[in-house]
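Have a look at the structure that comes next, please.
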Amino acid sequence: MTNKRYSKFITNCVHAGNGIDKETGAIRRPLTMANSYRLPDDASKLNWSGTDELIYTRTTSANQIYLQEKLATLEGGEDCVVLATGVAALAGVFFTFLKSDSHIICTNVSYVAVYRLLNQYFPEKYGTEVSLVDTTNLEEIKAAIRPNTKLIHIETPGNPTTRVSDIEEIAKIAKAAGVLLSVDSTFGTPYLQQPLALGADLVIHSLTKYINGHGDAMGGAVIGKKELIDKIKREAMVNIGGAISPFNAWLIMRGAVTLSLRMRQHSESALKIAKFLEAHPSISFVAYPGLKSHPQHEIAKKQMSAFSGVMSFGLKADVTTHNKFVNSLELIISAVSIGHDESLIVYTGPTDERNHFYPKEFQNGHLRFSVGLEDPDDIIADIEQALKKSEL
Ligand SMILES: *Cc1c(COP(=O)(O)O)cnc(C)c1O
């Protein structure tokens, strides 16, 4: 399937993966809710598990292909595989590229499912060797490399610390060691950062977040060289079975059209709100890559065009008061997930299983705040009234 790539990002947001429907002339490719596709007259030579031909929706669906075209174009990659969730994409990468005698280096504060897969399940079930390191420290990564290291996995900005790892420098380390580098770029999105251009081998997204952007469909994606993506499709998609629903692929395709417009607004609003919080006497800390006080602000500026919409912060208060603050918010909703159109906040409390890996200021519990598309002045007013109600 040919797919023209335009020089400007937003033009690709609108057009990549779309086309004229041959049967009806509709100017949108249709939603195809079908489990199976008509076989050729002579199916004897068919590769029944082939992932390029349309045979069965677990091995590829029409809407999956359209979304893969769009995301490969937006990331500037050769190919893409779209799966049911972000975790299916991450687990697919680990399943495909790690064996029992392999070693992986992973960021020590990552999405919680990644932490459990690599800290517990892969070592317990397969004997895979894992080093969890602070990937903002290049020396820690270099020191962790072993002869059997197969993969370095980073998450930047990281969830929920917003730690930023230097993609270009880590790619150099990976290349010199003959190791693959995968980057969870969910917070960044292809509009704000492009890890493949900086030397990464695989970019992973939870499409559930910014790329869909509307909080109504889950999905995951991996983008990279065709040879690597084919291996993930062949091994993980077909045989583990985390295929995306065609309907969700269709919804995410629609959401992605406005990605750059939304990311610009999320980033602009988040910076304004982060500055407001940083100046407030009741706030104990704010972690946002756009603030000069962020420990990796310079690296963020080097590799991102803006700083996305997620920050973490704390109150100079105990657990009860943190809960009172969250429950006093009227506009901002207490719920998990990030990257939706509405603002979302989560107070985790001080009992997270990964607490010892967090920066010190996070260890009393923290508020992870995903700034939505509402007017930032309304969001700030909501925070102010909730702080007052909490006597802060
Ligand atoms: C949410 C998230 C994931 C997991 O994605 P799901 O779609 O929920 O499976 C992975 N990485 C990051 C950084 C996330 O924020």
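Whatever order the structure lists them in is the order used to number ligands and atoms, beginning at 1.
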Does a donor on one side chain and an acceptor on the other come within less than 3.5 Å for S165 and T135?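 The answer is yes; a qualifying pair exists.
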
Would you name the heavy atoms of N108 and Y115 that are closest together and state the gap between them?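 That would be O-CD1, 4.5 Å.
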
Considering distance alone, does some N or O of E155 sit under 3.5 Å from an N or O of ligand 1?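 There is no such contact.
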
Looking at ligand 1, does any of its N/O atoms fall within less than 3.5 Å of an N/O of L90?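 Not met; the criterion fails.
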
Can you sort out which atoms of ligand 1 are near N159, meaning under 4.0 Å from one of its heavy atoms?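 Here the atoms of ligand 1 in question are 14 (C), 15 (O).
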
Might you point out which heavy atoms bring A16 and M253 nearest each other, and give the distance in Å?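 Smallest interatomic distance, heavy atoms only, reads O-CE, 3.7 Å.
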
Y6 vs H15 aromatic rings, parallel, tilted or perpendicular, using cut-offs 30° and 60°?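 Y6 and H15: tilted rings.
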
Hey, which atoms in ligand 1 end up nearer than 4.0 Å to a heavy atom of F187?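 By the 4.0 Å cutoff, the relevant atoms are 15 (O).
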
Quick one: look up the protein heavy atom nearest atom 7 (O) of ligand 1 and list residue, atom name and how far away it is.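 The closest one turns out to be T208 OG1, 2.6 Å.
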
Under a heavy-atom criterion of less than 4.0 Å, does I204 contact ligand 1?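 Heavy atoms of I204 never come under 4.0 Å of ligand 1.
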
Mark yes or no for whether Q363, through its side chain, and Y358, through its backbone, hold a donor-acceptor pair below 3.5 Å.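 Side chain of Q363 to backbone of Y358: a pair is present.
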
Can you report which non-hydrogen protein atom sits closest to atom 5 (O) of ligand 1, along with the distance?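 Ranked first by proximity to atom 5 (O) of ligand 1 is S206 OG, 3.0 Å.
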
Could you say whether the N/O atoms of V87 and ligand 1 ever approach to under 3.5 Å?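 It does: an N or O of V87 is found under 3.5 Å from an N or O of ligand 1.
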
Looking only at non-hydrogen atoms, which of D184, V336, V310, T186 approaches atom 11 (N) of ligand 1 most closely?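 Of the listed residues, D184 has the closest heavy atom.
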
Testing the 3.5 Å rule here: is there a donor-acceptor pair between the side chains of N212 and D216?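 Distance-only check passes for N212 and D216.
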
Do K275 and E278 sit within salt-bridge range, that is, some charged N less than 4.0 Å from a carboxylate O?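 No, this pair does not count.
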
I need the nearest protein heavy-atom contact for atom 1 (C) of ligand 1: residue, atom name and distance, please.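 The protein heavy atom lying closest is K209 NZ, 1.3 Å.
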
